[in-house]
Peer 1: 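Pasting a structure below so you can have a look.
Note that this is a predicted model, so its numbers are computed, not measured. Order of appearance sets the numbers: ligands from 1, and atoms from 1 within every ligand. Sequential numbering from 1 along the given sequence is applied to the chain's residues.
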Amino acid sequence: MQKHVLGFPRIGAHRELKKALEAFWKGEQSLSQLDECAKSIRLNNWKTQKDAGLSFVATGDFSYYDHVLDTCVMLDAIPGRFRHLPQNTVETYFMMARGDQETGIHAMEMTKWFNTNYHYIVPEISEDFQPKFVGRKIINETHEAIEAGFNPKPVLVGPITFLALAKGKNGFDCWEKIDAVTKVYAEVLQEFSGICEWIQLDEPILSSDLAPGGRAAFANVYQQLNAAAGSAKLLLATYFDALDDNLDIALASGCAGLHIDLVRGGANLDEILAKFPENMILSAGMVEGRNIWKNDFAKSLTVLRKIQAKLGERMMIGSSCSLLHSPVDLTNEIKLDSTIKNWMAFAVQKCVEVGMLGNIASGIAYDAELEANRKAIQSRHTDPRLHCHAIASRVQAITDDMYQRKSPYKLRKQAQAWLALPLFPTTTIGSFPQTAEIRRARRDFKRGTLSNTDYQAFLRREIADVIKKQEALGLDVLVHGEPERNDMVEYFGQQLNGFCFTENGWVQSYGSRCVKPPVIYGDVSRPAPMTVEWIKYAQSLTKKPMKGMLTGPVTILCWSFVRDDMPRSQVCKQIAMAIRDEVDDLEQAGIKIIQIDEAAFSEGMPIKERERDEYFNWAVASFRLATSSVKDSTQIHTHMCYSEFNKIIRAIADMDADVISIESSRSKMEILEAFRDFEYPTEIGLGVYDIHSPRIPSQNEMVSLLEKACAFIPKERFWVNPDCGLKTRDWAEVMPSLTNLVAVAHELRKKYR
Ligand code: GLN
Ligand code: ZN
């Protein structure tokens with residue numbers, strides 16, 4: 001039985017690529033040093049796959065920034081604003097990804113790859129796009145693999161997915177380019193004929209909602225591609241969900257193989273097996289590419305045997321999706337609790353799992369390994385830390401009224417009059433600049449060279465300082481600035497039961513940016529207050545209302561690796577109860593305003609539209625559970641980083657926060673469209689200061705954004721604030737920007753009084 005993975009992480013086990021890229025961008029390293037680093041990562045990845053006994057190694061999955069951007073280069077889909085630059089160079093490539101401060105050329109847009117935390121560069125396609133086979137990266141890397149003695153399986157983003165994800169400029173319909181794009185793909189595939197057994201074409205869009213244009217084009221496109229591939233066989237790779245509506249076109253694609261995700265999309269395996277064409281091979285995606293848990297061999301083998309019984313030899317085994325979404329190598333985890341470590345598998349270990357499962361399914365004995373796997377799985381399921389009776393019964397006992405604030409917003413608004421806020425109240429989103437000094441103190445404290453007492457004293461000084469600054473600026477609702485937090489999820493995870501942390505569990509988020517998600521392995525609870533002392537201290541320094549700052553349950557869930565032995569909705573409920581406890585304690589401590597950030601609220605959305613309602617039901621419920629215990633007179637805020645707000649405005653309104661702050665300045669208030677046919681019921685602060693840019697917004701531009709918004713939102717419900725937290729900015733930018741922001745609010749107050 002053939003065995004493979006759909007792709008491998010490209011950052012390197014110690015984030016070598018990140019370091020090399022950033023050094024190159026700063027001019028500290030030459031291009032050849034960067035190339036050297038990249039080459040060694042590729043060779044390492046291939047060696048890992050080969051050593052694991054996989055039948056071939058993925059090529060073309062490596063990228064300096066993003067594989068969708070690589071596909072743009074391959075097809076010569078270069079937006080007009082980069083055309084005057086030297087073409088097909090690494091400098092122009094990075095400029096497309098990152099923009100250019102000096103010349104003011106803006107980067108291509110970036111967005112999330114389906115429902116993962118990986119971000120891809122959105123192809124921009126205009127009417128004058130003439131697809132040409134320009135970027136030969138995948139060809140070169142495939143030859144590189146062959147020369148190094150590996151058996152390559154090139155991996156490409158398929159043409160249907162590419163165009164489905166592309167954005168047409170000025171309303172252009174990208175599907176008009178499908179024939180021309182297919183021709184280029186055909187040229188690329190021809191080069192592999194005779195040198196590769198398999199070519200993998202990733203079409204995850206088939207597991208999502210594919211537009212009619214794509215469905216209509218599909219059969220013809222794949223007919224041409226199959227013809228072009230010659231002796232090489234095409235593996236049509238789908239993942240992240242079941243095929244459902246697109247199953248029939250996938251089965252009729254004429255490709256030699258179809259890969260399906262049996263972890264997230266196994267629901268219709270029976271139907272697939274019943275309909276499976278005689279001349280097709282099924283690649284069974286058994287080993288989850290998106291988490292850190294060991295595969296349950298016994299379970300997987302049951303499924304594999306079922307497929308085998310129907311298809312016999314006509315199958316292979318793979319990872320569910322590319323391993324891009326899991327950390328690289330578990331062996332680098334030295335400090336992790338050894339019992340928990342034994343429950344885990346990172347990308348390197350997942351390759352071994354695929355290899356082993358394939359061998360076992362083909363009849364090779366692995367008794368010791370099977371037994372070890374069984375024991376590890378059992379150890380996890382029986383560990384007392386996984387199931388805490390008290391937590392389970394507490395969640396069981398949740399009653400409907402716990403999801404409801406005491407009164408509707410209108411009455412709450414009256415009860416909150418004691419806050420004595422002016423019209424157009426001003427506030428910030430929570431964090432203030434995390435200066436070099438703050439980062440140094442945190443590092444020294446972690447290393448043990450700064451004592452706990454000194455560190456606490458340092459943080460108190462920081463808090464006192466940002467309060468003075470905010471008072472001087474004249475902001476209405478103050479924050480403590482979050483100097484004690486390195487990360488808005490990790491900070492809470494570290495204080496909650498049921499979480500653990502890796503040292504090197506990095507996953508690429510975009511370009512050189514990586515995240516290290518906490519791991520939720522067991523029942524979640526809050527042993528002690530997490531933020532109360534800080535907020536209380538901050539409130540003691542000012543008469544103005546201090547906003548207590550928490551991260552919401554949905555965001556904590558979305559930005560963690562989550563246990564897979566319990567529905568996500570259930571884990572989310574447990575987190576919500578822990579946050580609810582914290583909200584109660586803050587209120588008890590006299591905090592009048594509490595903000596619960598849900599920056600990742602829309603990220604948890606399933607990729608299929610028809611499954612979204614169910615998600616929003618439990619996500620909204622979790623937020624309400626976390627926030628509804630307070631008195632009417634306590635004001636609940638939430639914050640969201642902008643992401644398709646317009647589509648989900650109703651769900652957001654359902655969260656029933658008294659105030660929401662949301663990003664909107666970059667899109668020039670495009671967000672307002674949402675308010676045309678839906679009256680948002682509570683208060684809202686539309687960000688007028690783009691904190692992703694070092695630029696200081698002028699009063700005029702903020703006024704014009706706010707004037708626009710005033711046409712849609714009643715003045716009594718309108719807040720003035722930046723787009724997001726200020727932690728990545730410098731004080732030199734923040735002070736003048738906030739000075740302008742406060743001045744603008746004053747101006748509006750005068751005008752609309
Ligand atoms: N309160 C957080 C901050 O200001 C919110 C961050 C976010 O939304 N990503 O940093
Ligand atoms: Zn934000």
Peer 1: The test is ring pair (Phe, Tyr, Trp, His ring centres under 6.0 Å); show your working for Trp719 and Phe424 and say whether it passes.
Peer 2: CA-CA 5 Å; Trp719 288 64; Phe424 301 108; over 10 Å; no

Peer 1: If I take the Zn ion (ligand 2) as the centre, what angle separates the SG atom of Cys724 from the SG atom of Cys641? Nearest 10 degrees is fine.
Peer 2: 120°

Peer 1: Below 4.0 angstrom from a heavy atom of Gly725, which ligand 1 atoms are there? Numbered from 1 as shown, please.
Peer 2: 3 (C), 4 (O), 10 (O)

Peer 1: What part of Ser431, side chain, backbone, both or neither, has a heavy atom within less than 4.0 angstrom of ligand 1?
Peer 2: both

Peer 1: Would you call the rings of Phe94 and Tyr64 parallel, tilted or perpendicular, taking 30° and 60° as the class edges?
Peer 2: tilted

Peer 1: Counting heavy atoms only, which part of Met640 comes closer than 4.0 Å to ligand 1: side chain, backbone, both or neither?
Peer 2: neither

Peer 1: Which protein non-hydrogen atom lies closest to atom 7 (C) of ligand 1, naming both residue and atom, and how far is it?
Peer 2: Cys724 SG, 3.5 Å

Peer 1: Can you list the ligand 1 atoms lying under 4.0 Å from a non-hydrogen atom of Gly430?
Peer 2: 4 (O)

Peer 1: Considering heavy atoms of the protein only, find what lies nearest to atom 2 (C) of ligand 1 and give residue, atom and distance to 0.1 Å.
Peer 2: Asp597 OD2, 3.3 Å

Peer 1: Check each atom of ligand 1 against the heavy atoms of Ile429 and keep those under 4.0 Å away; list them by number with element.
Peer 2: 1 (N), 4 (O)

Peer 1: Taking atom types as modelled and ignoring hydrogens, do the side chains of Asp658 and Thr682 form a donor-acceptor contact shorter than 3.5 angstrom?
Peer 2: no

Peer 1: Between Tyr409 and Glu683, do the side chains contain a donor N or O and an acceptor N or O under 3.5 Å apart?
Peer 2: yes

Peer 1: Between the side chains of Gln434 and Arg442, does any donor sit under 3.5 Å from an acceptor?
Peer 2: yes

Peer 1: Counting C-beta onward and ignoring hydrogens, is there a side-chain heavy-atom pair between Val734 and Leu726 closer than 4.5 Å?
Peer 2: yes

Peer 1: As an exercise, identify every atom of ligand 1 less than 4.0 angstrom from a heavy atom of Glu482.
Peer 2: 1 (N), 2 (C), 3 (C), 4 (O), 10 (O)

Peer 1: Is ligand 1 under 4.0 Å from a heavy atom in the side chain of Met488, in the backbone, in both, or in neither?
Peer 2: side chain

Peer 1: What atoms of ligand 1 come within less than 4.0 Å of a heavy atom belonging to Cys641?
Peer 2: 7 (C), 8 (O), 9 (N)

Peer 1: Short list, please: which atoms of ligand 1 are under 4.0 Å from a heavy atom of His639?
Peer 2: 8 (O)

Peer 1: Answer yes or no: is there a side-chain heavy-atom contact under 4.5 Å between Trp559 and Pro517?
Peer 2: no

Peer 1: Answer yes if the side chains of Glu22 and Ser512 hold a donor-acceptor pair under 3.5 Å, and no otherwise.
Peer 2: yes

